[in-house]
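Take a look at the structure set out below.
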There are 2 protein chains.
Amino acid sequence: MTISEVSQKYGITTDTLRYYERIGLIPPVPRRKNGIRDYDEKACNWVSLVKCMRSAGVQIEPLIEYVALVQADKGMERRKNILLEQRAKLLAQAEQLRTTIELLNYKIEHYEEWLPKNK
Amino acid sequence: MTISEVSQKYGITTDTLRYYERIGLIPPVPRRKNGIRDYDEKACNWVSLVKCMRSAGVQIEPLIEYVALVQADKGMERRKNILLEQRAKLLAQAEQLRTTIELLNYKIEHYEEWLPKNK
DNA sequence: GTATCAGATTAAGTTTACTTTAAGTCAATG
DNA sequence: CATTGACTTAAAGTAAACTTAATCTGATAC
């Protein structure tokens, strides 16, 4: 799979895909002889994982550490801890989101009452 | 209320409070004769609102527009739309968060199974 | 009365996460 | 066989949201 196909499939620009690889957010992608990237299933799965994490707002730094540990096939405890830490953050974020959505619901209702009367 | 009291109350640095005011994210705060800010209840409520929105990830730009409209006491329709737009974004974000938390749950479980056996 | 400390302003600097630019390679098409 | 278009790298640039630095003012502590 070429980089532009992967780009299309996951909605990530080719620039960003190369950037992710360069900084170690995804492991090195297999290449053809001429140096052109040829994403296999494993590489795609990494892209998919990173896309999921990033669009939830997981930071790049901890992900880089995680990816490096998986590559080196070590640090199982540490890897689990990274996942636990990130999940904790996302849970807190979800809670904050809930609160703010409630507030917005309340405010929007207020406008709903007000607008028909005065318009 | 002084700026440092407000800072403590909401967990926002004084620098950030001044920054927010400067860019119009909160309306001008009342001052004492010597120019020192004296937050009244209204000002505090703005801080509280902005804190809530910002910690949920609502962008500054739309909030500035919203605050300006409220200040000018106009654009009710537009104001409501801003709130609707932001709520829609937060709902989408909440959904993405849910997906990613699920994925993390799954992965963490996997480590939970694996670790006791091999450690 | 002078030192220190909260508060003020303006402008420049920082961080995170990309994005764009510059410059080059290579395969295929007209 | 030149040109088009996708691919490559390295380095510089950008956007959003603060943060820090430099400098100043005025009130209270010793």
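All values reported here derive from a predicted model rather than from experimental measurement. To find a chain, count down the sequence lines: A is the first, B the second, and so on, and within it residues start at 1.
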### Query
Do you know which two heavy atoms are closest between B:P28 and B:Q71, and how far apart they sit?
CD-NE2, 4.4 Å
### Query
If every non-hydrogen atom of A:I64 is compared with every non-hydrogen atom of A:I23, which pair is closest and at what distance?
CD1-O, 3.3 Å
### Message
What contact category does B:S4 fall into here, base, sugar-phosphate, or nothing, at under 4.0 angstrom with non-hydrogen atoms?
### Response
sugar-phosphate
### Message
To the closest 0.5 Å, what do you measure between CG (B:L83) and CD (A:E112)?
### Response
10.5 Å
### Task
For each nucleotide in nucleotides 10-15 of chain D, reading 5' to 3', give B when a protein heavy atom comes within less than 4.0 Å of its base, S when such contact involves only the sugar-phosphate, and - otherwise.
------
### Task
Provide, to the nearest angstrom, the distance between the CD atom belonging to A:E5 and the P atom belonging to D:dG5.
18 Å
### Message
Check this for me, if you would: do B:E85 and B:R78 make a salt bridge, where the nitrogen-to-carboxylate-oxygen distance has to be below 4.0 angstrom?
### Response
yes
### Query
Are B:T14 and C:dA6 close enough that a side-chain N or O sits under 4.0 Å from OP1 or OP2?
no
### Task
Using whole Å, report how far OH of A:Y20 lies from C1' of C:dT16.
11 Å
### Task
Identify the two heavy atoms, one from A:I82 and one from A:P62, that lie closest to each other, and give their separation to 0.1 Å.
CG2-O, 3.9 Å
### Message
I want to check something: taking the side chain as every heavy atom from C-beta on, are A:Y39 and A:L17 in contact at a cut-off of under 4.5 Å?
### Response
yes
#### Entry: Check: B:R54 and B:Y20 side chains under 4.5 Å, non-hydrogen atoms
yes
### Message
Assess whether a salt bridge exists between B:E21 and B:R18, defined as any Lys/Arg side-chain N lying under 4.0 Å from an Asp/Glu carboxylate O.
### Response
no
### Task
Quick one: label A:I3 by what it contacts on the DNA or RNA (base, sugar-phosphate, nothing), any heavy atom closer than 4.0 Å.
sugar-phosphate
### For atom OH of A:Y19 and atom P of D:dT8, their distance in whole Å
18 Å
### Query
What is the distance from CD1 of A:I64 to C1' of C:dA17, rounded to the nearest Å?
11 Å
### Heavy-atom closest contact (A:L97 atom, B:A56 atom, distance)
CD1-O, 3.4 Å
### Task
Looking at every strand, decide which applies to A:R18 at a 4.0 Å heavy-atom threshold: base, sugar-phosphate, or nothing.
base
### Lys/Arg N to Asp/Glu carboxylate O, A:E95 vs A:R98, below 4.0 Å
yes
### Message
Using OP1 and OP2 only, check whether a side-chain N or O of B:T16 sits under 4.0 Å from D:dT19.
### Response
yes
### Task
Round to the nearest Å and state the distance from B:K51 atom NZ to D:dC18 atom C1'.
15 Å
### Query
D:dA16 C1' sits how many Å from B:E61 CD, rounded?
10 Å
### Message
Let's see if you get this right: which residues in residues 33-41 of chain A place a heavy atom under 4.0 Å from DNA chain D?
### Response
A:G35, A:I36, A:R37
Considering only nitrogen or oxygen atoms on both sides, find all protein atoms under 3.5 Å from nucleotides 21-25 of chain D and state each distance.
none

### Message
Any base atoms under 4.0 Å from A:R31, or only sugar-phosphate, or nothing? Heavy atoms, all strands.
### Response
sugar-phosphate
### Message
What is the separation between atom CD1 on A:I23 and atom P on C:dT16, rounded to the nearest whole Å?
### Response
12 Å
### Task
Return the minimal non-hydrogen interatomic distance between B:V58 and B:L63, and the atom names on each side.
CG1-CG, 3.7 Å
### Query
Quick one: are A:T2 and A:I36 in side-chain contact, heavy atoms under 4.5 Å?
no
#### Entry: Sugar-phosphate, base or nothing in reach of A:T2, heavy atoms under 4.0 Å
sugar-phosphate
### For atom CD1 of A:I12 and atom P of C:dT19, their distance in whole Å
10 Å
